[in-house]
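Bear in mind that the values here come from a model prediction, so they are computed numbers and not experimental data. All values below were derived from every heavy atom in this structure, side-chain atoms included, with hydrogens, water molecules and symmetry-related copies excluded.
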Amino acid sequence: MQNKNKEIIAKNFGRYCENYNAYADIQKETSEKLCNLLPKKTKPKILEIGCGTGFLTKNILKKYPDGEFHITDLSPEMVQFCQSKYKADNVQFFVMDGENPNCDNEYDLIVSSMSVQWFEKPLESLKILAAKGDVYYSTLGSENFKEWKNVLFNNKLNDGGLPSNTWPNLIKEEFVHKDYQGGIDFLRMLKKIGAASSPDSYKKTNPTLLKRALSAFDGKITWHIVYGAQPRNNTIIGTR
């Protein structure tokens, strides 16, 4: 049974799956870069966690044409959307909570792009997944949205964001700078892709303070993207 937070996350992403496919440009670029980091394999069995609308799905199907694929997401709407785009005999789709995988299979590769940051216990969950296969992932680093977080902090507002983690086994990181037309445009982008979900600890924002924060924010934002490879034996080979 899903808890409340996961229900909210699944519903938000499901509600905005059409918008996600159109507006999630960072996620699309990240999936391509993650796929380029994946090792060469012959007839691999692959599990994808958090397929969304299929950015990474498209890339791994192209890279491993002889593979066997289990494509999953927490959101039924996302799974349905992705399945409608990629139908093949070697591809199966499932609704699944990635940090509680209800499968006994082992895989040559487990891949996830911009999804594990939504896990409640991401570091523990990566180890659980790594017991089933080598895990390659991309996610948000600790300095993600630092400009917006600084503005909120200076205005005594809770950022309502996800906790910062020291991600294991990083093999690459990058800082992508984007310009939005102020704070409203930035928050609208998050809403359009369904990423405005917040944990229970989020406190209702004071409208006056939020308005002040929005007026102080110039729309320049940094996406901190990290890429990791968690080996099957769970050995930590380095952190950054």
Side-chain angles (χ1 to χ4, degrees), residues 2-17 19-20 23-35 37 47-57 72-75 78 96-101 110-130 135-149 152 158-176 178 186-187 189-202 221-230 236 239-240:
Q2 285 184 189
N3 63 31
K4 183 179 178 181
N5 286 336
K6 290 191 177 182
E7 288 178 359
I8 292 173
I9 291 169
K11 287 180 179 178
N12 273 6
F13 280 107
R15 184 182 301 121
Y16 294 102
C17 62
N19 285 334
Y20 187 95
Y23 291 100
D25 55 332
I26 294 291
Q27 288 78 357
K28 184 176 181 180
E29 294 169 8
T30 299
S31 70
E32 295 172 354
K33 293 173 182 177
L34 176 61
C35 188
L37 295 172
L47 170 66
E48 181 183 359
I49 302 295
C51 66
T53 57
F55 293 147
L56 181 57
T57 309
T72 73
D73 198 283
L74 184 65
S75 164
M78 285 292 198
M96 191 179 80
D97 180 356
E99 63 180 324
N100 294 293
I110 299 174
V111 297
S112 182
S113 186
M114 300 292 275
S115 178
V116 298
Q117 69 269 15
W118 296 105
F119 286 178
E120 291 189 326
K121 298 179 179 179
L123 303 185
E124 293 179 19
S125 299
L126 284 173
K127 291 183 178 181
I128 291 172
L129 288 171
V135 180
Y136 284 77
Y137 68 93
S138 63
T139 189
L140 301 175
S142 59
E143 296 184 57
N144 193 58
F145 299 163
K146 60 183 179 180
E147 299 88 351
W148 176 237
K149 289 179 180 178
L152 293 177
N158 186 319
D159 64 21
L162 300 165
S164 298
N165 292 293
T166 301
W167 297 101
N169 300 356
L170 295 191
I171 53 178
K172 178 181 177 180
E173 72 173 334
E174 60 184 347
F175 296 89
V176 181
K178 299 282 288 186
F186 169 64
L187 294 182
M189 177 276 298
L190 293 180
K191 184 176 181 179
K192 284 177 180 178
I193 64 174
S197 305
S198 298
D200 283 338
S201 60
Y202 182 77
I221 204 77
T222 299
W223 291 76
H224 182 199
I225 312 296
V226 297
Y227 302 79
Q230 181 90 8
I236 302 299
T239 59
R240 181 179 300 170

Check the pair Lys33, Lys172 against side chain to side chain contact (heavy atoms under 4.5 Å, CB included), reporting the backbone distance first and the verdict last. CA-CA 10 Å; Lys33 293 173 182 177; Lys172 178 181 177 180; 4.2 Å; yes
I need the Ile9 CD1 to Glu120 CD distance, nearest 0.5 Å. 7.5 Å
Side chain Asp73, main chain Cys51, donor-acceptor under 3.5 Å: yes
Going through the distances and angles, do Leu126 and Trp167 end up as a side chain to side chain contact (heavy atoms under 4.5 Å, CB included)? CA-CA 10 Å; Leu126 284 173; Trp167 297 101; 4.1 Å; yes
Could you check whether any side-chain heavy atom of Leu56 comes within less than 4.5 Å of a side-chain heavy atom of Cys35, counting everything from C-beta outward? yes
What distance do Glu147 atom CD and Lys149 atom NZ have between them, rounded to the nearest 0.5 Å? 10.5 Å
Ile49 versus Ile110: any side-chain heavy-atom pair under 4.5 Å? yes
List the steps, then state whether ring pair (Phe, Tyr, Trp, His ring centres under 6.0 Å) holds for Phe145 with Trp223. CA-CA 6 Å; Phe145 299 163; Trp223 291 76; 4.8 Å; yes
Run the side chain to side chain donor-acceptor pair (under 3.5 Å) check on Gln27 and Ser113 step by step: do they pass? CA-CA 8 Å; Gln27 288 78 357; Ser113 186; over 6 Å; no
Evaluate the side-chain proximity of Ile225 to Ile26: yes if any heavy-atom separation is below 4.5 Å, no if none is. yes
Tell me, do Pro101 and Leu129 make a side-chain contact under 4.5 Å, heavy atoms counted? yes
Without swapping roles, check the side chain of Ser138 against the backbone of Tyr227 for a donor-acceptor pair under 3.5 Å. no
Apply the test side chain to side chain donor-acceptor pair (under 3.5 Å) to residues Thr222 and Glu143: give CA-CA distance (whole Å), side-chain angles for both, the deciding distance (0.1 Å), then the verdict. CA-CA 8 Å; Thr222 299; Glu143 296 184 57; over 6 Å; no
Main chain of Ser115, side chain of Gln117: is a donor-acceptor contact present, judged purely on distance under 3.5 Å? yes
Main chain of Lys6, side chain of Trp118: is a donor-acceptor contact present, judged purely on distance under 3.5 Å? no
Would you say the side chain of Met96 lies within less than 4.5 Å of the side chain of Leu47, judging by non-hydrogen atoms? yes
Is there a donor-acceptor pair under 3.5 Å between the side chain of Gln230 and the backbone N or O of Pro168? no
Test log, rule side chain to side chain contact (heavy atoms under 4.5 Å, CB included), inputs Thr53 and Met78: CA-CA 6 Å; Thr53 57; Met78 285 292 198; 3.7 Å; yes
So, the side chain of Asn144 versus the backbone of His224: is there a donor-acceptor pair under 3.5 Å, distance only? yes
Is the shortest side-chain heavy-atom distance between Tyr137 and Leu170 below 4.5 Å? yes
Looking only at heavy atoms, the pair that brings Phe55 and Ser31 closest together is CB-OG, 3.3 Å
